[in-house]
Trainee: 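To start, I am sharing the structure in question, which I have written as structure tokens.
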Amino acid sequence: MTLSRRLALAAAFLAPLAGPALAQTQITIQHPLPLNSHYGAGATALKEAFERASGGRYNVVIQRNDNEREAIESAQIGTIECVVTSTGPVGNFVPETRNLDVPFLFRDTAHARGVLDSEIGQQMLGRFSARGLAGVVWMENGFRHLTNSRREVNTPADIRGLKVRTMENQVHMRAFSTLGALPTPMAFSELVPALQQGTVDGQENPIPVIVANNLNQVQRYLTLTGHVYSPAILICNPGMLARMSAADRAAFMEAAKAGAAANRARVTSDEQSGVDELRRRGMTVVTQVDAAAFQTALAAAFTEYERTLDGALLRRIREWR
Ligand code: PAF
């Protein structure tokens with residue numbers, strides 16, 4: 001065999017091995033929930049849309065990290081590229097987002113999605129760049145409800161004295177201390193051991209989270225308080241976006257929107273089936289909740305939010321139609 005023929009054969013043999021590894025850029029997205037969850041649905045839809053649009057030049061890897069603050073820090077320093085997170089710890093990075101964490105701010109899901117997709121939400125995404133992060137798209141966690149292992153919660157008074165795990169979020173903590181609970185902030189990764197060991201009596205999360213994480217195994221009572229809407233957000237490392245070509249960046253943004261649509265659709269379906277599923281798994285569910293009574297009990301917290309947050313923005317959000 002001639003030398004040129006031998007070289008041609010060697011090149012043909014090596015090309016499939018070397019080609020994809022050299023050409024592919026990896027994007028790691030972390031999120032705190034099981035793959036079979038509303039965040040997993042969003043991340044998977046983004047992965048599929050972007051890998052398809054980029055003709056396989058990008059490989060999107062989805063990982064679980066149930067410490068949201070850590071994951072945001074990793075995206076900030078660039079050890080991962082993106083994170084899907086609730087706004088729980090986000091106010092510690094971008095303080096303006098705390099306005100979205102105010103209890104009973106949003107009337108319903110349509111109101112919340114409308115505000116986040118409007119100029120208000122888009123301007124808020126723009127705030128991330130000053131903090132070394134890129135706010136890419138709003139996703140959704142859902143309206144949060146209270147669970148506990150001690151008693152049925154029917155009225156605000158029933159919350160008094162309960163040790164409730166909250167997110168590391170001062171707006172939420174203030175609400176629970178105003179209701180007379182003992183708010184205990186911790187990362188989601190610490191929640192189940194804390195419930196098992198009785199360090200806390202209860203926690204609050206949307207139905208899709210309670211279902212996906214089998215919290216019924218450690219909590220008996222669920223009250224559909226819907227006390228606060230919990231936005232989720234896709235945050236990325238700005239350097240990663242800057243390194244993309246304009247066309248790839250546009251495709252990534254489109255894929256992120258497809259991810260948000262899939263995530264929201266999954267929240268809607270989990271909320272429709274989740275309460276029955278949790279009853280089937282043995283939880284006692286209180287569905288009749290006097291939201292006005294909870295809002296009255298929170299009066300002192302609302303006065304503080306008006307003073308410490310952006311009162312004008314809160315009014316704009318409340319009045320949004
Ligand atoms: O409770 C939390 O920390 C969040 O709601 C969770 C479950 C990590 C989802 O973002």
Side-chain angles (χ1 to χ4, degrees), residues 29-43 62-75 80 82-94 97-98 100-103 106 109 112 116 135-148 162-173 175-176 181 183-195 199-219 222 224-235 259-260 262-264 266-267 270-271 274 278:
I29 303 181
Q30 290 190 344
H31 71 81
L33 297 174
L35 189 59
N36 184 16
S37 68
H38 52 309
Y39 286 3
I62 302 170
Q63 291 176 349
R64 185 172 181 184
N65 178 354
D66 50 10
N67 187 322
E68 293 187 317
R69 184 177 40 77
E70 256 179 37
I72 299 168
E73 281 165 3
S74 302
I80 62 167
C82 300
V83 52
V84 178
T85 173
S86 73
T87 49
V90 174
N92 301 320
F93 297 82
V94 184
T97 62
R98 291 193 178 122
L100 302 174
D101 298 323
V102 167
F106 296 102
T109 301
L116 294 174
V136 175
V137 77
W138 290 107
M139 293 199 176
E140 181 164 86
N141 196 14
F143 277 92
R144 301 180 81 89
H145 306 288
L146 183 69
T147 69
N148 84 98
L162 283 182
K163 284 179 279 174
V164 179
R165 175 269 174 177
T166 66
M167 297 195 286
E168 295 169 297
N169 181 297
Q170 50 183 250
V171 176
H172 289 190
M173 287 169 67
F176 278 94
T184 309
M186 64 181 76
F188 192 64
S189 49
E190 296 166 42
L191 173 63
V192 170
L195 289 169
T199 317
V200 291
D201 304 312
Q203 65 87 45
E204 41 83 60
N205 251 305
I207 296 296
V209 173
I210 301 171
V211 172
N213 292 278
N214 297 313
L215 293 184
N216 50 284
Q217 290 173 357
V218 276
Q219 296 280 267
L222 164 64
L224 299 183
T225 44
H227 52 276
V228 67
Y229 176 78
S230 186
I233 181 170
L234 175 74
I235 303 173
N263 152 262
R264 285 176 173 180
R266 179 63 187 268
V267 172
D270 280 2
E271 281 179 346
L278 292 170

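Ligands are counted one by one from 1 in listed order, and the atoms in each one are counted from 1 as well. What you see is a predicted model, and the numbers here were worked out from it, not measured in a lab.
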Trainee: Under a 4.5 Å cut-off applied to non-hydrogen side-chain atoms, are L215 and V192 in contact?
Mentor: yes

Trainee: Which parts of the protein, at residue level, reach under 4.0 Å of ligand 1 through a heavy atom?
Mentor: P32, L33, Y39, E68, S86, N141, R144, R165, M167, F188, N205, V209

Trainee: Measuring only between side-chain heavy atoms, which start at C-beta, is R165 closer than 4.5 Å to L195?
Mentor: no

Trainee: For N214, is the CG atom crowded, meaning more than 12 foreign heavy atoms sit under 6.0 Å from it?
Mentor: yes

Trainee: Please identify each residue that fulfils side chain to side chain donor-acceptor pair (under 3.5 Å) with N148, with sequence neighbours left out.
Mentor: none

Trainee: Do you know which of H145, H172, E204, R144 makes side chain to side chain donor-acceptor pair (under 3.5 Å) with H227?
Mentor: E204

Trainee: Can you name the nearest heavy-atom pair linking P103 to V171, along with the distance?
Mentor: CD-CG1, 4.3 Å

